[in-house]
Amino acid sequence: MSQRGGIAHLLRRHPLEAIPAAINLLSALRRTYRSNFPDVVHVNWLQNALPLWGSTTPAVISVLGTDFGLLRLPSMKSLLRSIFKQRRAILTPNAEWMVPELERIFGDVAEICPVVFGVDDAWFEINRQPAKIIPHHWLAITRLTTNKIGDLFTWGEGKFGNQRILHLFGPMQEQINIPPWVQYHGPTHPADLVKNWFPQASGLITLSRHDEGRPQVMLEAMAASLPIIASDLSAHRDIIQHRQTGWLATSSEDFGHALIHMEHTKHNHDVGQQAREWAKQYVGSWDDCAARYASLYRKLLEPQP
């Protein structure tokens, strides 16, 4: 299932084929939640909280940006509210921008407590040199869907060539025509990015229009002191301070200005270093993330007043 893009992707692209797979997945999760009499369950994604129905086990439930698509389905909010009422529940969105909407929908039946995901130490250890060498190499690392690509190809037209190269990485999940000026490398893996790409790159580009939560690749890039040019989404505004830790592009012209600004050696260095410091302070490692979750497990196990 993961090789085909995951259950959410299958449900969007091939719903009739995906429905039996989704039912099997939820059934397996229901058996898991009820086995070994756990004191607390940790659920990733709101959709995976559905099998909790009929139990009272306390739950920590991670919420990602894609979960807001689930909440648009008819009666889904009411169903989840009923499930949360049956237990002590803490919803943990991985970004602050999600909190107001979750408070509005579930604030009276669950506690809302943001928990930021961490990044591997290897990203913080990258020794990246500021962009000095022409051509400048820019990276786009994403699943290839229309919404994830966003305005990348339209805004990038005419801005890349011999002096500036765009390298695109990620699995092709929709049939998308890739322009000839893009160097498409197919799927990648972290070790390759850490060793071969991030140290040499001028920056990361993401012009997504997708329901983003807090994109992990952006956190990794910031930890590696790699400047980011991103579309002006709530999820991206939650991470990037414009012109300080990255650039929020609002048009094709603005995107062009961002590329020129970030290719200036001093700007590239300063923005990258500020991004790394932000990542150290507000994101940290996976050990830091685990500690944040562990404190919530302990909270759920405390006697109620």
Side-chain angles (χ1 to χ4, degrees), residues 1 5-117 145 147 208-215 233-235 237-238 292-293 296-297 299-305:
M1 188 182 296
I7 189 65
H9 174 70
L10 287 176
L11 284 168
R12 285 193 300 269
R13 304 299 301 173
H14 308 287
L16 293 179
E17 179 183 349
I19 287 174
I23 292 172
N24 289 337
L25 175 60
L26 294 177
S27 298
L29 286 171
R30 183 175 177 84
R31 292 191 297 271
T32 300
Y33 293 156
R34 292 168 181 264
S35 65
N36 301 318
F37 305 101
D39 296 312
V40 175
V41 294
H42 186 149
V43 179
N44 285 318
W45 296 4
L46 283 174
Q47 64 197 37
N48 292 333
L50 297 176
L52 289 172
W53 174 267
S55 70
T56 60
T57 309
V60 170
I61 302 158
S62 300
V63 184
L64 305 182
T66 51
D67 286 323
F68 283 78
L70 177 76
L71 293 176
R72 290 192 283 268
L73 296 178
S75 303
M76 187 56 64
K77 295 174 186 175
S78 298
L79 176 57
L80 287 169
R81 283 178 55 83
S82 298
I83 291 170
F84 299 153
K85 285 179 181 179
Q86 297 170 357
R87 73 203 70 251
R88 296 178 68 184
I90 301 178
L91 306 187
T92 60
N94 71 327
E96 292 280 352
W97 70 265
M98 292 185 257
V99 172
E101 184 67 3
L102 292 174
E103 288 278 10
R104 185 185 68 81
I105 301 170
F106 302 116
D108 59 330
V109 294
E111 182 179 351
I112 316 298
C113 182
V115 174
V116 179
F117 292 167
T145 68
N147 282 339
S208 170
R209 295 192 300 261
H210 186 69
D211 286 326
E212 303 285 2
R214 178 169 267 193
L233 301 180
S234 296
R237 289 193 297 272
D238 192 60
R292 293 190 280 266
Y293 278 121
L296 297 181
Y297 303 156
K299 184 175 184 177
L300 285 177
L301 292 173
E302 293 172 356
Q304 290 182 286

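Note that CZ of Arg34 and CG of Leu29 are 12.0 Å apart. Values are rounded to the nearest 0.5 Å. Taking CG of Leu102 as the reference point, atom CG of Leu71 lies at 7.0 Å (rounded to 0.5 Å). With rounding to the nearest 0.5 Å, the separation of OG in Ser208 from CG in Asn147 is 7.0 Å. Atom CZ of Phe106 sits about 9.5 Å away from atom CD1 of Ile83, to the nearest 0.5 Å. The distance from the OG atom of Ser75 to the CG atom of Leu80 is 11.0 Å, given to the nearest 0.5 Å.
Between Ile90 and Ile61 there is no side-chain heavy-atom pair separated by less than 4.5 Å. The side-chain heavy atoms of Tyr297 and Pro58, taken from C-beta on, include no pair separated by under 4.5 Å. Between Leu50 and Trp45, every side-chain heavy-atom pair lies at or beyond the 4.5 Å cut-off. Contact of the Ser62 side chain with the Val115 side chain is not registered, since no non-hydrogen atoms from C-beta on lie closer than 4.5 Å. Looking only at side-chain heavy atoms (C-beta outward), Val60 and Tyr293 come within less than 4.5 Å of each other. A heavy-atom distance below 4.5 Å is found between the side chains of Val40 and Leu301. Considering only heavy atoms from C-beta on, Phe68 stays 4.5 Å or farther from Leu46 through its side chain. When side chains are defined from C-beta on, Arg87 does not count as touching Leu300, because their heavy atoms never get closer than 4.5 Å.
Residues passing the side chain to side chain contact (heavy atoms under 4.5 Å, CB included) test with Ser234 are Trp97, Arg237, sequence neighbours excluded. Partners of Tyr33 by ring pair (Phe, Tyr, Trp, His ring centres under 6.0 Å), not counting sequence neighbours: none found. With sequence neighbours excluded, the residues forming a side chain to side chain contact (heavy atoms under 4.5 Å, CB included) with Pro38 are Val41, Thr57, listed by chain and number. With sequence neighbours excluded, no residue forms a salt bridge (Lys or Arg N to Asp or Glu O under 4.0 Å) with Lys85. Under the side-chain hydrogen bond (donor to acceptor under 3.5 Å, both in side chains) criterion, Thr32 pairs with no residue at all, not counting sequence neighbours. Residues forming a salt bridge (Lys or Arg N to Asp or Glu O under 4.0 Å) with Arg30 (at least two apart in sequence, or on another chain): none. Remark: Asp39 engages no residue in a salt bridge (Lys or Arg N to Asp or Glu O under 4.0 Å) (not counting sequence neighbours). By the side-chain hydrogen bond (donor to acceptor under 3.5 Å, both in side chains) test, Arg104 is found to be paired with Glu101, residues two or more places apart in sequence or in another chain being considered. Applying the side-chain hydrogen bond (donor to acceptor under 3.5 Å, both in side chains) test to Lys77 and every residue at least two apart in sequence or in another chain returns nothing. Judged as a side-chain hydrogen bond (donor to acceptor under 3.5 Å, both in side chains), and not counting sequence neighbours, Arg292 has no contacts. With sequence neighbours excluded, the residues forming a salt bridge (Lys or Arg N to Asp or Glu O under 4.0 Å) with Arg214 are Asp238, listed by chain and number.
Ion pairing of Lys299 with Glu111 is present here, as a side-chain N (NZ or NE/NH1/NH2) and a carboxylate O approach within less than 4.0 Å.
Closest approach of Met98 and Pro93 over heavy atoms only: CB-CB, 3.9 Å. In terms of heavy-atom proximity, Ala49 sits nearest to Val43 at N-CG1, 3.5 Å. The nearest pair of heavy atoms linking Arg81 to Asp108 is NH1-OD1, 2.7 Å.
Checking each of Asn44, Val99, Asn94, Leu91 against Val63 for a side chain to side chain contact (heavy atoms under 4.5 Å, CB included) leaves exactly one that passes, namely Leu91.
For residues 45-66, no residue pair satisfies the salt bridge (charged side-chain N to carboxylate O under 4.0 Å, His left out) rule, not counting sequence neighbours.
In terms of modelled atom types and a separation under 3.5 Å, the side chain of Gln47 and the main chain of Leu70 share no donor-acceptor contact.
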Requested in this report: Test side-chain contact (heavy atoms from CB on, under 4.5 Å) on Thr92 and Leu296 and set out the steps.
Outcome: CA-CA 10 Å; Thr92 60; Leu296 297 181; 3.5 Å; yes
